[in-house]
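Below you'll find the structure, written out as C-alpha cells, and then a few comments.
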2 protein chains.
Amino acid sequence: MARPTMEDVAEAAGVSRALVSLVMRNEPNVSAHRRQAVLEAADRLGYRPNVLARNLASHRTMTLGVMLNDLNNPFFAGALDGIAERAEAEGYQLMLTTGGKTVAGEAGALETMLRFHVDGLILVGARIPANEIVAAAAVSPTVLLGRALRSSEVDSVKNDEGVGSRLAVQHLVELGHQRIAHIDGGRGAGAAQRRAGYEKAMEAAGLAAFVEVVSGDFSEAGGVHGAATLLDQEAPPTAIFAANDLCAVGARSEIRRRGFSVPEDFSLVGYDNSVFAELGHLSLTSVSQPLAEMGHRAAELLFERLVCGRTEVVRHVVTPTLAVRATTGSPRGNL
Amino acid sequence: MARPTMEDVAEAAGVSRALVSLVMRNEPNVSAHRRQAVLEAADRLGYRPNVLARNLASHRTMTLGVMLNDLNNPFFAGALDGIAERAEAEGYQLMLTTGGKTVAGEAGALETMLRFHVDGLILVGARIPANEIVAAAAVSPTVLLGRALRSSEVDSVKNDEGVGSRLAVQHLVELGHQRIAHIDGGRGAGAAQRRAGYEKAMEAAGLAAFVEVVSGDFSEAGGVHGAATLLDQEAPPTAIFAANDLCAVGARSEIRRRGFSVPEDFSLVGYDNSVFAELGHLSLTSVSQPLAEMGHRAAELLFERLVCGRTEVVRHVVTPTLAVRATTGSPRGNL
DNA sequence: CATAACAATTAGAGCGCTCTAACGCAATGC
DNA sequence: GCATTGCGTTAGAGCGCTCTAATTGTTATG
C-alpha cells in the first residue's frame with residue numbers, strides 16, 4: 001500500500017522531481033523523450049499524483065464544492081448535471097455534500113467544504129441563514145443556485161418564479177378556467193414567490209376575485225391535504241396550480257380518490273418539470289426550469305471570478321417555460 | 001482572503017504551534033486555561049484547519065469516497081443516507097462522485113477519489129470492469145454496494161436478488177396467477193440474477209412451462225417496450241414482474257395506453273421500492289431492498305478494515321421484502 | 001570567436017500541518 | 001539531597017508536491 005511518490009518516479013526515470021512535476025502538469029517546455037520516459041516510469045510504478053500535496057503547494061484545489069440540500073429531489077440532480085459538465089470542461093473536480101434536509105446539516109456541510117479549501121462553492125437550494133452564506137462567500141467565491149440574496153453581494157442563479165406562475169395561470173386561463181386555486185409550498189425555496197406570482201397573474205387576468213390559496217408544502221402529503229381542502233368547498237376550483245410536482249402528484253391522488261378525473265373534472269399544473277412529471281402515465285403539465293442550464297451558469301459565474309477575476313455581483317435570472325402535458329384541459333362547464 | 005494558519009493562532013495565543021495542533025485534535029493532555037486561550041484566539045482570527053495540510057502530514061483524510069453511478073436513481077440516494085449516517089458517527093466526511101451513468105465516467109470518478117487519497121471507497125452500483133475494482137481495492141479499502149465480486153477479494157453488500165424475485169413470483173402465484181412474465185433489466189446491476197431468480201421461482205412453483213422473459217432495461221422505455229411485446233402475444237400473461245420500478249412504470253403506461261387496467265387486467269410488480277413505487281396514485285407492489293441498512297453495512301465494513309484492521313473478505317447479503325400495494329390482485333380468469 | 005538569447009533542466013525553499021522525541025518542572029520517594 | 005516519575009509543552013523533521021530562480025546546454029548573432 002506504500003504509494004510511489006514523485007521522487008520515486010523521478011529516480012526511476014533518471015530525472016529530477018521538478019521535471020516529473022512539469023510532465024504531470026502538462027507543461028510545454030519538456031523534451032519529448034524525457035516526457036515519455038517520465039510517463040513510462042509513472043505508469044510502471046503505478047504512480048498517482050497526491051492531490052493533497054499538490055494543493056497544499058499550489059494553493060488551489062481545482063475542486064468546486066457543491067452542496068445539495070436533498071439528494072432525493074430530482075431538481076438537484078438536474079442542476080448537478082449542468083455543473084458537472086461545465087466543471088469538467090475546465091478541469092475542475094466536484095466535491096458534493098448534502099445538508100440532509102436540515103439547516104444544521106447544511107452548515108456542517110459548508111464548513112467541511114471550507115476546510116478542504118475548495119476553490120469555489122455552489123450552494124443549491126440552500127436554506128441556511130443569509131449571514132452564514134455571506135461569511136462563506138467572504139472566504140471562497142460562492143454562487144447560490146435556486147435562491148438569491150438581494151441584500152448581499154453574492155452571485156446567484158435562479159429562475160423567475162413570477163414568470164413561472166404566470167405561465168401556469170395563463171395557460172389555464174386560455175383553456176377557459178376562472179376558478180384557479182393554488183396549493184402553496186409553505187417555507188420551501190421559492191414558494192413565496194410562486195405564490196405571489198400566482199396572485200399577480202390572476203389579477204392581471206382579471207380574476208382577482210377567484211384568487212384562492214390553500215397551504216401545502218413541497219411534498220406529496222402537502223398536495224393531498226391541499227386538494228382535500230379545495231374539494232371540500234361548496235364551489236371548488238376547476239383548476240389547481242400546485243407549488244411543485246410532488247405536491248401536484250399528491251393533489252392528483254386525492255382527486256382520484258374522490259372519484260374525479262384529470263383533466264376532465266380538474267386541470268392540474270405542477271412546478272419543476274421533474275422526473276415525476278414526465279412519467280408516462282402521469283404526464284403532468286408543469287413549469288419547467290432549465291436546470292442543466294442553470295447549473296451551467298452557476299459554474300460559469302464561479303469561473304468568471306476564479307479565472308477572469310470578476311468582482312462585481314451577478315444575479316442571474318433565467319426564464320422558465322411551460323411543459324404542457326395531459327393534466328390540463330378545458331373546464332367541463334360546471335361540476 | 002489570506003486565511004490564518006496554525007502559526008498565527010499560536011502567536012495570538014502565546015503558545016507553540018504544536019500546542020495549537022493538540023487543541024485542534026482534541027488531545028487530552030492540555031491544560032484547561034491554555035486550551036481555552038487557543039480556542040479563543042482561533043475563534044477571534046476566524047481560524048479554520050486546513051484539511052489538506054493535516055492530511056498530508058497525518059496520512060489520513062478522514063474522508064470516504066462514495067461513487068454513485070446515477071444521482072437520478074432513488075436507489076442511490078437511499079443507500080447514501082445510510083452511509084452518511086454511519087460515516088458521520090465515526091467522524092468521517094464523504095466525498096461523492098458520480099459516474100454519470102457511463103463506465104468511462106465511473107473510471108474517472110474512481111481515479112479522482114484515489115488521487116485525493118480518501119481513506120476508503122464505497123462503490124454503489126458500479127459497472128466498471130472487475131479488474132479496475134480490484135486495482136482500486138489494492139490501494140484503498142473498498143466496499144461494493146449492490147454488486148459482488150465472487151472471484152476477487154473485495155468486500156460487498158448486496159441484496160439477495162434470488163429471494164427478491166421469489167417473493168414477487170410467490171406473491172403472484174398466491175393470488176392465482178400462472179402466466180407470469182418477466183421484463184428483464186438487460187445489463188443493469190443485478191438484472192441477470194433477478195431474471196435467474198424469477199426462472200427458478202417459477203420452476204419451484206411448478207410453472208416452468210409459463211416462464212417467459214422479454215428484454216427490457218432499467219428504464220421506463222424498457223418497460224414500455226417489454227409490455228408491448230407481451231401484450232402483442234396471442235395469450236398474454238396475467239401478471240408482469242418488471243426488473244425495476246421504472247421499468248414497471250413504463251409497463252403500466254403501455255398497459256393503460258391499450259385500454260387495460262391494473263390490477264384488474266394485469267398485475268404488476270416492480271423492484272427497488274423506490275420513490276416511484278410509493279407515489280400515491282401509482283402505488284406499485286415492489287420488492288424492497290433495505291437501502292439505508294445496506295449503506296450502513298457498507299460503511300461498517302469499511303470501518304472494520306480501517307479501525308479494527310480486518311483483512312478477510314466479507315460478502316454481506318441482505319434479504320429483501322415485498323411491499324404489497326395496489327398493482328397486484330387476482331387474475332380475471334381469462335382476458 | 002565571444003556573446004546573447006533561448007530552451008530544457010534542476011536545486012531548494014516553502015505550503016500548513018502532524019508527530020516523535022526531548023524538554024522543563026512540579027510532585028514523589030528513598 | 002538527588003534520582004524518578006509524569007504531565008504539559010515545544011522544537012524540529014518531515015508529508016509530497018509546486019514554483020521561483022538558478023544552471024546547463026544549444027543555437028543564433030554581431
Side-chain angles (χ1 to χ4, degrees), chain A residues 1-39 41-42 45-63 91 93 114-119 139-140, chain B residues 1-39 41-42 45-63 91 93 114-119 139-140:
Chain A
M1 288 241 187
R3 307 182 184 192
T5 71
M6 199 170 258
E7 202 82 47
D8 299 328
V9 176
E11 193 182 346
V15 299
S16 70
R17 184 189 63 242
L19 209 246
V20 177
S21 175
L22 293 176
V23 172
M24 289 302 154
R25 280 177 289 146
N26 259 318
E27 295 284 325
N29 292 336
V30 177
S31 64
H33 77 284
R34 299 250 186 176
R35 165 163 274 135
Q36 195 189 343
V38 168
L39 290 176
L45 296 179
Y47 172 72
R48 202 166 259 133
N50 184 334
V51 178
L52 270 41
R54 164 177 296 186
N55 296 343
L56 184 58
S58 69
H59 295 278
R60 288 171 314 146
T61 55
M62 295 305 283
T63 301
Q93 301 299 338
L114 289 176
R115 291 186 176 198
F116 268 91
H117 288 210
V118 293
D119 289 346
V139 179
S140 182
Chain B
M1 285 238 189
R3 307 182 183 194
T5 71
M6 198 170 259
E7 203 82 48
D8 299 328
V9 176
E11 193 183 345
V15 299
S16 71
R17 184 190 60 241
L19 208 247
V20 178
S21 176
L22 292 176
V23 172
M24 288 302 153
R25 282 177 288 145
N26 259 318
E27 295 284 325
N29 291 337
V30 177
S31 63
H33 76 285
R34 300 247 182 178
R35 163 164 275 136
Q36 195 189 341
V38 167
L39 290 176
L45 297 179
Y47 171 73
R48 199 167 259 133
N50 183 333
V51 178
L52 271 40
R54 165 178 294 185
N55 296 344
L56 184 59
S58 69
H59 296 278
R60 287 171 315 146
T61 56
M62 295 305 282
T63 302
Q93 301 299 337
L114 289 176
R115 290 186 177 197
F116 268 90
H117 288 210
V118 292
D119 289 346
V139 179
S140 183

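Side-chain atoms are counted along with the backbone in the values below, which use heavy atoms only and exclude waters and symmetry mates. Chain letters run A, B, ... following the sequence lines, proteins first and then strands; every chain starts at 1.
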Query raised in the report: Do you see a donor-acceptor pair shorter than 3.5 Å between the side chains of Asp119(B) and Thr61(B)?
Result: yes
Query raised in the report: Does the side chain of His117(B) pick up a donor-acceptor pair with the side chain of Arg3(A) at under 3.5 Å?
Result: yes
Query - Interatomic distance where CD belongs to Glu7(B) and P belongs to dT10(D) [whole Å] - result: 12 Å
Report summary line: Rounding to 0.5 Å, atoms CE (Met6(A)) and CZ (Arg17(A)) come to a distance of 8.5 Å
Report task. Supply the atom-to-atom distance Asn55(A) CG to Thr63(A) OG1, rounded to the nearest 0.5 angstrom. Result -> 6.0 Å
**Report entry** Point-to-point distance, once rounded to the nearest 0.5 Å, from CZ of Arg115(A) to CZ of Arg54(B)
**Finding:** 7.0 Å
Query raised in the report: Side-chain donor-acceptor pair under 3.5 Å between Arg25(A) and Ser21(A), yes or no?
Result: yes
Requested in this report: With the side chain counted from C-beta on, respond yes when Met62(B) and Gln93(B) share a heavy-atom pair under 4.5 Å apart, and no when they do not.
Outcome: no
Requested in this report: Consider only side-chain N and O atoms of Arg35(A) and Ser31(A), and report whether a donor and an acceptor are under 3.5 Å apart.
Outcome: no
Report summary line: CG of Leu52(A) to NE2 of His59(B), rounded to nearest 0.5 Å, is 10.5 Å
Report summary line: Footprint ends on DNA chain C, 5' to 3', for atoms under 4.0 angstrom from a heavy atom of chain A, come out as dA8(C) to dG16(C)
Give me the distances for all protein-to-nucleotides 22-26 of chain D N/O pairs that come in under 3.5 Å?
none

Query raised in the report: Between Arg34(B) and His59(B), who's closer to the 5' end of DNA chain D by nearest nucleotide?
Result: Arg34(B)
Query raised in the report: Reckon Arg17(A) touches a base, only the sugar-phosphate, or nothing at all at heavy-atom distances under 4.0 Å?
Result: base
Query raised in the report: What residue among Val23(B), Val15(B), Leu45(B), Leu39(B) forms side-chain contact (heavy atoms from CB on, under 4.5 Å) with Val9(B)?
Result: Leu45(B)
Query raised in the report: Residues from residues 45-54 of chain B sitting under 4.0 Å of DNA chain C, heavy atoms only?
Result: Tyr47(B), Pro49(B), Asn50(B), Ala53(B), Arg54(B)
